[in-house]
Every structure is written in C-alpha cells, then in structure tokens.
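A note on names: the letters A, B, ... follow the listed sequences, proteins ahead of strands, and every chain is numbered from 1. Quick note: numbers below take in every heavy atom, side chains included, and nothing from hydrogens, waters or symmetry partners. Quick caveat: nothing in here was measured; it's all calculated off a predicted structure.
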2 protein chains.
Amino acid sequence: MTITIYDVAREANVSMATVSRVVNGNQNVKPATRQKVLAVIERLDYRPNAVARGLASKKTKTVGVIIPDISNVFYAELVRGIEDIATMYRYNIILTNSDQQEDKEVQLLSTLFSKQVDGIVMMSDQVTKDMLHEMERSQVPIVLAGTIETTNAFPSVNIEYHEAAVDAVNRLLQNGHKRIAFVSGSISSTINRLYKLSGYEKALDAAGIEIDSDLIVGVENTYDDGLLAWEELSKLKNPPTAIFAGNDEIAIGLIHGAQDSGLKVPEDIEVISFENSKLSRMVRPQLTSVVLPLYDIGAVSMRLLTKFMNKEKIDEHTVVLPYRIEERDSVK
Amino acid sequence: MTITIYDVAREANVSMATVSRVVNGNQNVKPATRQKVLAVIERLDYRPNAVARGLASKKTKTVGVIIPDISNVFYAELVRGIEDIATMYRYNIILTNSDQQEDKEVQLLSTLFSKQVDGIVMMSDQVTKDMLHEMERSQVPIVLAGTIETTNAFPSVNIEYHEAAVDAVNRLLQNGHKRIAFVSGSISSTINRLYKLSGYEKALDAAGIEIDSDLIVGVENTYDDGLLAWEELSKLKNPPTAIFAGNDEIAIGLIHGAQDSGLKVPEDIEVISFENSKLSRMVRPQLTSVVLPLYDIGAVSMRLLTKFMNKEKIDEHTVVLPYRIEERDSVK
DNA sequence: CTGAAAGCGCTAACAT
DNA sequence: ATGTTAGCGCTTTCAG
C-alpha cells in the first residue's frame, strides 16, 4: 500500500501535524524530533501526495501553459523560458496546444481551471471576446506572453512590435529600396495587423513611398508559404527589390525561392526577418533579423506570474522587453 | 466562494451522490433528475474540482512527460505526438525538461510520482542504474519513447536504428564511396553508440572497408558542431568524400561548412542525415535523410501508455516503427 | 434510481 | 514544540 503521513506519524511516535511540519520545513520542530521523523520518512520511503496537499492547501504548485503549437520552434523557445523559471520557483507546467482555435483555447482555460492550476501563461494570436469572458472568471492570475489584448485587462509581456517593424523597414529604406514587400503570417492576426503592418506602412509613409497592396502578402508562418509568396511576388510586373518577412521560416522560403530562380541575396534582393530563431544562422546568407526574444518573453512572463501568485507588489502589469536588429548577411 | 458539488445537490434537492453520477455520466439516474441537476449546474456555473476528484478516485487524468529539451525541434515533434493522443484520451501532460542530466531525470520522476500522474512517457539518451532504480518503484506505467534501455524491463517504442544506419551508409557505398565519415551527437549515448555507430561499422565491414577512427567524430547535436566537424574532417590528409550525419542540424552544419570552403554538395561531397525534421527541406541542397518519425513515436508511446493505464491487454511491450530513407538532393 | 456515510492524504487553525 | 480536530471537494461502497 501507499504509505501516508499517518504511517510516518505512528512509526515516529508523533502526530501527523509534526510530520507535516518537518516535511514543509516549518521551524517549529525540535531538532531531535525532526531527526527522528526524517529517519522514519527515509526508512519508509514516504513521499508526500501532492494531490492531497493541493486539496487541503488550495495550491497545486502547477501552472497552465496555453500556446498554439509546441512543434513550432517559435513557441518551443517560449515554453523553455517559461519552464526554466517555473522550475526555479518549484512549479510544474501543464502544457497545452490550442492550434490557434478559439473554441479550443476557451476549453483549455476551463480544463486548466478545473485542474486548479495556480496560474496560467498564455500565448494567442488573437484574444477574442469569448476567451476574454472565460479569462475574466479566472480565480487565478493569467499573464499573456507575446500576445496583444487591446483592452489591456491582463498583465502581459511583449516587445515594441510597431517600432521594431518600423526599424526593420527603415533598414531596407536606408539601402535605397523603393519597392519593399511585406510578407507575413496571417495578416489578420493582431500582432501582424496592428503592429508589423502598421509599422511597415508608417516607415514607407515617412519615406514618401506609396503603399502598393500587391506588395503586401499574407500567408501562413511556414517555409512553404515563403516559397509560395516568392512565386507570387516574382510574377509582378514591378517586383520588389527588398522584403520584410514576418518570421524566419517565411524569410528562408523567400530566400530559397529567389535563389532557385537565379537571383542572389542580398545582391539582387534583400530580406530582413522578424524572429531570429536558431534558423536564422542556418541559411546562406544568414538572416538579418529583428530579434524577438522568445525565451526571455517566456521567462519574464513566468516570473511575472509568480509575483501575482505570491501576491507581491507589481510595478507594471505590462512589461515591454527591448528588441534589436541582428545584422547578418541577407541585408547589405 | 467556489461552488461545490454540495451546493448543486442542495439547490437541486438531491444528494451529492446523484450530482456526482450525472457529472460522471453514470447511467443510473432518472432522466428527469438528470435534467434537474444539469439545470442547476448550468445556473450555478458549477465546475468539478479535478484535484478533489483525483484524491478520491486516485486517478488524475494527467501524465508526466520527461524529455531532454523542448526547445529542440526533435523533442518538440515528439511532444506534439504525445500531446495529441493524450488530448484524445482526455489526459493533460505535465512537461519537464531533463537537459539529459541523470540527477534531474531521477528527481523529475520523483516529483511526477508525487503529483500522482497516471503514467509517464520518457525520452532519455541513456537510462542509468539510478534512473532504473527510481523507475522500478513506480506505481504507474512508464513508457520509453525513442530511447534504449538494454534490460528491456520497460515498454518502449523505437525504430530499428541499427538497420537504418546500415541502410544509410549503404546508400553512400552504392555511390562508390570508400571514405565515409560518421559525425554524430555524443557518441557515448546509447543510441549513437549501440546502433548508429555499429550500423556504420557493419556496413563498412560488409563492403570490405577498414574503419578509420579519424572519420568518426563525436560532437553535440548542433548546427555549430556540424560546422566544427567539417573543419576537422577537411583538415585530414585523406578527407572523406561522403558523410553520414547523426541528425539534421549536424548535416546542415556539415553542408554549409563544405560549401563555405568552396565544395559542392552532392557533387564534391555527399551527405546523408538521420532525422528528417522540417529542417531537412530548408537547406540547399535539401537533405537526403533517414526518416525518424518523431511525431509517430510520441503518439504511439502515448497510445501504448493509455493501454497500460486502462489495464488493456498488450500484445507487445516493445513496438518498433518502420523507417525509410527520404531521397532528396544531398546524395546523388 | 437515490441517499448516507466513510474516506482519499494532507494542511491549518486552535489548543495545550 | 507538539497534538487535536476540522475540513478541502469529490468518489465510492453499501443500503434501501
């Protein structure tokens, strides 16, 4: 049978309260009895039942994580950041994939609540009304990692996407380009629409260049769609001479598409990306890219969550991490 | 306050046992009372507490997953396979990273036990005695995913690494190569040493080619180490004309290394990889590779675990998945 | 088909 | 410093 705190108490001739105290490191225990209890614990190989503890204390020491898809390096980096900090604070994480489906996201929130997680870190392309509704019922803190929620009702950690996008496009403008394309995953997603696209437009505007909708292409965030986007772009009567890519996979697809049709990067066409994952160095030419610090966003999000869970004072519910542009070889 | 099964019972004028029955889909409830209870549940927005349920039923509907590092695409694929099947069977997963450290692996097992997971899927480079010791204490089933445990005491799912390695090297031998290098992550890890390396040696042996230890290089499973390995190999008086790479990142590093020094792949040097992740198509030339079906290994492992958890009859504790070679352009 | 009652293993006052 | 006593919210016999 499984051995319980009660067995230990009996064998050690103390009450279960005392056993509980030594297990939880409570200082109100005479060293001698502590030793005695510890010895019995060792001998019986007693292991506390976290579920019982969770029921009694209403704290489970586990947090929920909702992301679109763990098999995407992008999110995997983020999760690693979350997990590292969680471990540091003795939390475990329940990992769930939403595949960006709203109904799934709502349902995942619900099952995480039922599992009595102490908090949730969530990343989503788009925080809908239904999600918000479910989130508002939460008894536990929720922090949004790398996701925009326009009402700003929840704590979040992000970078300045808009400024970053402006910078990226300016980098291209500096080199004299007039025909700059913007290729990005689901233009409809909040970040792409509200920040990257608007940054792109603002930069062009400031340079006195008219927006050409032919140069704005919305695809999936994948290598293959980067390839596809290149095909589309290269067919234009007046094709682009530089491209601002929404993420690394797209950028690499674009580059390979260009190279396959005989062009040289960056000589014939320049590409700047927005992510800087491990992939960015695994192509030739290596990608010049805005660095989106996914690991850090995850880590900081989790850290912020611990503060809420501990009811510490929080200075800022909304943290904005710095970004920078990593210069490599896809831009001259 | 949080509303409990007791509140629902009171409001519906039934006992909590009845509420429990309708919540759990027990058929022994008159349709009329079921409706009544359901109505109250809806009205009160009652949500069962999974922790309490776990304590009472001794089933948590959550499984533990131990992998080396989620930020590695390799493992991320695997986890996605696990998670999809887990979701299908209504389980959640607690994800943990071991970083391949034995002590951490042992400790993770222990904390997962304490959290009362219903089962564990684990992937490790090397199953040590200490780990085995901890695993043997487990009250719940453990299945090993893509990991070798020589005593075969635990259920596992793998592919035939040895045969796959032989095939891969033969593929190179076919093209007339005599100087074939083997570059792999931690040669000391069980799979690399016991299977890939031995497959490499066997294939060369069968072809009457003597093993040259200069051609066997053990590195980390990273792009950078692939680059490094190339440097080392290219300095040899008698350098290789073909390489068998332990995984995709290494293969890409090797290829870029060769290309950077002016060689052409596959004209001047051929490379075959062992993984076939998304990366394999994201290089030029695209990688010819043994396909290691990570997603499937994860999915099948989880499926196997559900069988154990349900105490279903198991035909084979050890399942071996098929592999194949995906022909692309890094081999002629 | 429904209810009563006894736990599941632990924490957290409250006493002593 | 240590023990007693209620629960935490639910499942699960056992009766009826």
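- As a whole-Å value, the separation of A/Lys61 NZ from C/dT11 P is 13 Å.
- Taking atom CG of A/Asp7 as the reference point, atom P of C/dG9 lies 9 Å away to the nearest angstrom.
- A sub-4.0 Å separation between OP1 or OP2 of C/dG9 and a side-chain N or O of A/Thr4 is absent.
- Judged purely by distance below 3.5 Å, without hydrogens or angles, the side chains of A/Thr306 and A/Asn310 never pair a donor atom with an acceptor atom.
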Between A/Thr18 and A/Ser15, does the side-chain contact (heavy atoms from CB on, under 4.5 Å) criterion hold? Intermediate values first, please. CA-CA 5 Å; A/Thr18 298; A/Ser15 71; 3.4 Å; yes
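- Nearest nucleotide to the B/Ile5 side chain, out of D/dC10, C/dC10, C/dT2: D/dC10.
- Taking the nucleotide of DNA chain C with the nearest heavy atom to each of B/Ala56 and B/Gln27, the more 5' of the two is matched to B/Gln27.
- One finds a side-chain N or O of B/Thr33 lying less than 4.0 angstrom from the OP1 or OP2 phosphate oxygen of C/dT2.
- Considering only side-chain N and O atoms, B/Ser20 lies nowhere under 4.0 angstrom from the phosphate OP1 or OP2 of D/dC10.
- One atom, CZ of A/Arg47, and another, C1' of C/dC10, lie 18 Å apart when rounded to the nearest Å.
- Side-chain atoms of A/Arg53 lie closest to C/dC10 of the nucleotides C/dC10, C/dC1, C/dA4.
- At a threshold of 4.0 angstrom between heavy atoms, the contacts of A/Asn13 are confined to the sugar-phosphate backbone, with no base atom among them.
- Residues B/Thr128 and B/Asp130 bring no donor and acceptor atom of their side chains to less than 3.5 Å of each other.
- Atom CZ of B/Arg21 is separated from atom C1' of D/dT13 by 10 Å (rounded to the nearest Å).
- Here B/Tyr46 reaches the OP1 or OP2 of D/dC10: one of its side-chain N or O atoms lies under 4.0 Å away.
- Between C/dC8 and A/Asn49, no contact under 4.0 Å exists linking OP1 or OP2 to a side-chain N or O.
- B/Ser124 and B/Glu105 are linked by a side-chain donor-acceptor pair at a separation below 3.5 angstrom, with hydrogens and angles left out of the test.
- Taking 4.0 angstrom as the limit, B/Ser57 places none of its side-chain polar atoms (N or O) nearer than this to OP1 or OP2 of D/dT11.
- Listed candidates were C/dA12, D/dC8, C/dC10. Nearest to the side chain of A/Pro48 is C/dC10.
- Heavy-atom distances to DNA chain C give each of B/Ala52 and B/Val29 a nearest nucleotide, and the one nearer the 5′ end belongs to B/Val29.
- Across the protein-nucleic acid pair, B/Arg10 atom CZ and C/dG3 atom P stand 15 Å apart, rounded to whole Å.
- What separates NZ of B/Lys36 from P of C/dC1 is a distance of 14 Å, to the nearest Å.
- Residue contacts for B/Asn28: at a heavy-atom cut-off of 4.0 Å it reaches a base atom on one of the strands shown.
- Counting only N and O atoms by type, the side chains of A/Gln126 and A/Ser189 include no donor and acceptor under 3.5 Å apart.
- Phosphate contact (OP1/OP2 of D/dG9, side-chain N/O of A/Lys58, threshold under 4.0 Å): present.
- Taking 4.0 angstrom as the limit, B/Ser15 places none of its side-chain polar atoms (N or O) nearer than this to OP1 or OP2 of C/dT2.
- With hydrogens and angles ignored, the 3.5 Å screen pairs a side-chain donor or acceptor of B/Glu149 with a backbone N or O of B/Ala153.
- Atom CG in B/Leu55 sits about 8 Å away from atom C1' in C/dC10, given to the nearest Å.
- At the heavy-atom level, A/Val23 lies nowhere under 4.0 Å from the strands shown.
- Atom-to-atom, CE of B/Met16 to P of C/dT2 comes out at 16 Å; the value is rounded to the nearest Å.
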